[in-house]
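In what follows, a single structure is set out as C-alpha cells and then discussed.
FYI, the numbering just counts along the sequence from 1.
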Amino acid sequence: MLPSPGPAPPPEPSSPPAPGSGTAHVTAEAAPAGAPARAPVSSPGATAPRGPARDLRVRTAAALAFPAAVALLLGLWGIRRENSMWRDESVTYQVAHRELPEIWRLLGEVDAVHGLYYLLMKAVFTVWDGGLVALRLPSVLATALAAAGVAAIALRLAGARAAVFSGTAFALVPMVQHYAQEGRSYALVCAAVVWACHLLLRGLEGGGARVWAAYAGTVLAAAWLHEFAVLVLAAHGVTLLRSAAPPAARRAWLLASLAVVAGVLPLAVVSAGQAERQLGWLGRPGLGAWLLFLALSAVGWACARALSVMPAGGRAQPVRREPGQGPGPRPGSMPDPGPGSGSGSGSGSGQGLPHPARPAPERSEQPARPMKPEPDRPQDSEQPGQPGPPERPGKPRRPRGPGRPPFPLRQARAPIPPPPPRPAVGPAALALPLLVVPAGLLMTVSLIKPWYVDRYVLYGMAGLALLLGLCLDRAADPAVLGRLLPRRPVRITVVCGCAAGLAAALLPWSLLIRSPESRKDDAVAVAEAVRESAAPGDAVLFMPSRRREWLLSFPGIHADVEDLALRRSPADSATLQGTEVPADEIRRRILAADRVIALTDPEGQPLDAFRAEAVKRETLNAHFRRCGPVRVHGAQVVVYVRSGACGSRD
C-alpha cells in the first residue's frame, strides 16, 4: 500500500525545495510592513488521490488470488478419488481417530516425524468427521496457500504478471496436484517452506527482527511437520552466497538458522531411534530417480540461464509529480519559472526575467529598481517598494544581471528519478537452489543410508515453478513478442497453440492423478472385497503383517472376522499395525480354523523372509485348498478352505 502524501509544511524562506523530494513546497509571501501576513498558499490537489494506491492493492490481490483459486479448484476436482484411499492415508485416518493419550504413546514408539500432522488431523476430525473429504481438505488448502506464496515471491521479484504465471505453473505441476489430494503432511510442509522463502526475501531486503523471527518460526513449523524440511536451510545458504545481501542480513539469517536447528533437535533425536522401523523399507535411489532429478535440474538451469540473457522488459518507472502538475521538462532543459517569478519560489519579486510566452506583469506601485546586487535583502522575501529584513549571515548572493537567471540552473532542473535499486536476491539465486539442493543432498545421503523419497522434498517444485513463471513473463513481454512475432495474427496463433499443447500434455496426468491407479493400493477396495467374501466365523490373515493397515480404517469389517495372528491391537500396543503372536502360535491358530481369508500383495512382489510370515505361507499351502483370488488394485484377497466349496458360507 502506497502512503498518501499530505500537504508539506512550508520551508524556511531562504531554503529552496529539495530536489527530487516529490512534494510541492509553497512559501508564504512576506507581507509589507504594517500589513497582515498572508497565509501560506496551498497547492491544489495537495493530497494524492487514492485511486492509484487502490488499483495497486487490487492488482496485487488478484495476482495472488488467481493462482490460489486455480490450485483450490484443481484440489477440489475429484477430491474423493473415486472413493479410494491408499495405505498411507489409512494410517493418517486411523491414527487421527485415536484418543490423545494413545497418539502420544504411539509417537514415543514410531512415526514421531509425523506427530504434529497427526495432532492437526485429530483436531480436524474432532471438528468435522467428513471422511475422505476431511482427510484431504487440509492438503488442498495448503496447496492453494503455497500457490499464493509462489505468486507472492514472483510479485516481489518481477511483478504481477510473473506472479500469475509462477503461481499458476506451481498449481499445474503434476506432482503438486498429486499431493494436493493426499491425506499426508507433504502439502502442508510445502506451503510452510514457500512462505519461509518469501520471508527470506523480506529479511534480506531490510526486514527487521520480526521478519527474521517469523522466518525461523515458519521453517521450524515445516520441520516439525516433516523434519526433512530443514534441508531448505542448505538451499537458502546457497542463495545467500549468490546474493548481494548486506553482512547484517547474513548474520540475522545465520542466527535464525541456528534457532531452527536447535528447535528441531529434539525431534531429530527421537526420530533417529525410530528410523530403522520408519524407513527400513526404502532402497537406494534407482536410475529412474536419478534421471528424473537430473532432468528437472537441467530444466531449472536452462530457465535460469534464459533469465540472464532475456530482456527484462520495458517497465520504466514514472516520474513522480504533484497532483494537477502537467508533464515536466526534459532532463537538461530549462524549466518554466512561472509568470512573474524570478526565483521559482512563488514570491513574485518582480525582478526575474519574464517568460517569453507570457506578457510581463504590470507594476503600479513603484518603478523598477536598477538590476544590482543587494546583499542586505534575502531574495525570497523581497517585495517591491518595501524594505526587507536584514541579511542573515552566510554565503552572499551571486550578483544578478540582464543575462543571468536569478537562480542556479542545477537547482531548477526537474529531478531525474534514480534507477531502481538492485534486488538483494535474484530470481535464479533463490529458485534454482530450492529446486536442486534439498533433493540432491537427500539423494546423495541415500547412497549410504536410504532415506530418499521424492515427496519428502516436494517443496522443490516451488523453485521449478518460479523459474518457469519468470521465463514466461519475459517471453510474454510485448516488446519481446513484437520482435519474435511481428504480426499479431501469428502471435495469437502461436499463443493459442502453446496453450492447447500444454492442456493436451497435462490433462492425461490430471485424470490419472484422480484415479485409484495413481497410488500403490486401495484400502477401500480391499475392505469391500473382504466384506463380500467373508461370512460369520471366517478368519483373516495379513501376509505380511503390515498389510493389516488395509482393514484398520474399517473397524466394522475388521471386527466381523477373526484376526488369527493378532496379539495386541495397534492402539493397545502403541504401534501402527499392532503386534502378532509367535510363529508356533500362528500355526496352531491356522490349523484350528476351517476357512481363512488371506490379504496379500499382488503376485510378483517379494516375500518377507521373517519366520512368522514363512509359517503362514507354509501352513496354508500344506493344509488348505487355495480358491481363486479376488484381485483389486495393489492387493489380492485369497480364500483358503479345508473342506467344502470356495464360495461364501450362509
Side-chain angles (χ1 to χ4, degrees), residues 71-97 117 121 124-125 129-143 171-187 281 288 453-455 458 505-534 540 542-544 546-558 576-577 597-606 628-639:
L72 183 63
L73 292 176
L74 289 175
L76 294 177
W77 170 33
I79 189 173
R80 298 183 63 87
R81 208 166 58 237
E82 300 179 18
N83 201 36
S84 64
M85 176 177 63
W86 78 296
R87 55 179 177 256
D88 276 17
E89 290 182 306
S90 178
V91 171
T92 300
Y93 187 86
Q94 59 102 352
V95 170
H97 281 80
Y117 177 69
M121 294 307 299
V124 170
F125 283 115
D129 197 348
L132 294 177
V133 177
L135 177 67
R136 295 171 185 150
L137 188 59
S139 295
V140 173
L141 298 178
T143 303
L172 293 176
V173 170
M175 188 176 179
V176 173
Q177 294 189 56
H178 183 103
Y179 291 104
Q181 292 189 337
E182 185 151 310
R184 298 298 279 173
S185 64
Y186 310 112
W281 58 275
V453 182
D454 56 358
R455 58 180 177 265
L458 172 65
L506 290 177
L507 184 60
W509 285 98
S510 298
L511 294 175
L512 176 62
I513 287 168
R514 289 158 178 83
S515 67
E517 288 73 24
S518 62
R519 270 66 176 179
K520 291 182 179 180
D521 55 18
D522 183 2
V524 177
V526 174
E528 182 64 22
V530 171
R531 187 186 64 80
E532 294 177 354
S533 302
V540 65
F542 299 96
M543 303 165 56
R546 58 183 176 272
R547 297 299 175 252
R548 185 173 283 104
E549 187 57 56
W550 285 335
L551 292 188
L552 290 179
S553 294
F554 307 92
I557 298 176
H558 191 204
L576 292 176
Q577 287 88 31
I597 301 174
L599 304 185
T600 70
D601 289 330
E603 295 180 358
Q605 294 295 318
V630 177
R631 294 182 175 89
V632 297
H633 175 60
Q636 289 186 117
V637 179
V638 185
V639 177

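With Gln636 contributing its side chain and Val630 its backbone, the two residues share no donor-acceptor pair below 3.5 Å. No donor-acceptor pair closer than 3.5 Å links the side chain of Ser90 to the backbone N or O of Trp86. Checking side-chain atoms of Asp522 against main-chain N and O of Gly634 turns up no donor-acceptor pair under 3.5 Å. Judged by distance alone, with hydrogens and angles left aside, the side-chain atoms of His633 form no donor-acceptor pair with the main-chain N or O of Ala525 at under 3.5 Å.
Residues Arg519 and Ser84 form no side-chain contact, since every pair of their non-hydrogen atoms from C-beta on lies 4.5 Å or further apart. Side-chain contact check for Val530 versus Val540: every heavy-atom pair is 4.5 Å or farther apart. Annotation: side chain of Leu506 is in contact with side chain of Pro174 (closest heavy-atom distance under 4.5 Å).
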Between Ile557 and Glu528, does a side-chain contact (heavy atoms from CB on, under 4.5 Å) hold up when you go through it step by step? CA-CA 9 Å; Ile557 298 176; Glu528 182 64 22; 5.7 Å; no
Verdict with reasoning, Thr92 to Arg184, per side-chain hydrogen bond (donor to acceptor under 3.5 Å, both in side chains): CA-CA 7 Å; Thr92 300; Arg184 298 298 279 173; 2.8 Å; yes
Going through the checks in order, is the side-chain contact (heavy atoms from CB on, under 4.5 Å) test met by Asp454 and Tyr179? CA-CA 11 Å; Asp454 56 358; Tyr179 291 104; 3.8 Å; yes
Begin from the C-alpha positions of Tyr93 and Val91 and carry the test side-chain contact (heavy atoms from CB on, under 4.5 Å) through to its verdict. CA-CA 5 Å; Tyr93 187 86; Val91 171; over 6 Å; no
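Between Pro508 and Ala505, the closest heavy-atom pair is CD-O, 3.6 Å. Between Ala529 and Val632, the closest heavy-atom pair is CB-CG1, 4.2 Å. Closest approach of Val526 to Ala635, counting heavy atoms only: CG2-CB, 3.6 Å. Smallest separation of non-hydrogen atoms from Pro138 and Met121: CG-SD, 3.9 Å. Minimum interatomic distance between Ser533 and Val639 (heavy atoms only, all atoms of both residues): CB-CG2, 4.4 Å. Of all heavy-atom pairs spanning Leu551 and Ala527, the tightest one is CD2-CA, 3.8 Å.
Atoms NE2 and CD1, on His178 and Ile513 in that order, are 7.0 Å from each other to the nearest 0.5 Å. Annotation: the span from Ser518 atom OG to Leu511 atom CG amounts to 11.0 Å, rounded to 0.5 Å. With values rounded to the nearest 0.5 angstrom, Leu137 atom CG is found 8.5 Å from Leu72 atom CG. If you take CZ on Arg136 and OG1 on Thr143, they are separated by 13.0 Å, rounding to the nearest 0.5 Å. The line from CG of Leu599 to CE of Met543 is 9.5 Å long, rounded to the nearest 0.5 Å.
For the 3.5 Å distance criterion, the side chains of Arg547 and Gln577 fail to qualify, holding no donor opposite an acceptor. Counted by atom type alone, Glu182 and Ser139 present zero donor-acceptor pairs between their side chains at under 3.5 Å.
Every residue meeting the side chain to side chain donor-acceptor pair (under 3.5 Å) condition with Tyr186, not counting sequence neighbours, appears here in chain and number order: Arg455.
Between Phe554 and His558, the distance separating the two ring centers is not shorter than 6.0 angstrom.
Of the candidates Arg546, Arg631, Arg87, Asp521 forms a salt bridge (charged side-chain N to carboxylate O under 4.0 Å, His left out) with just one, namely Arg87.
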Please set out all donor-acceptor pairs under 3.5 angstrom arising from side-chain atoms of residues 74-82, sequence neighbours excluded.
from, atom 1, to, atom 2, distance (Å)
Arg80, NH2, Asn83, OD1, 2.9
Arg81, NH1, Gln181, O, 2.8
Arg81, NH2, Glu89, OE1, 2.6

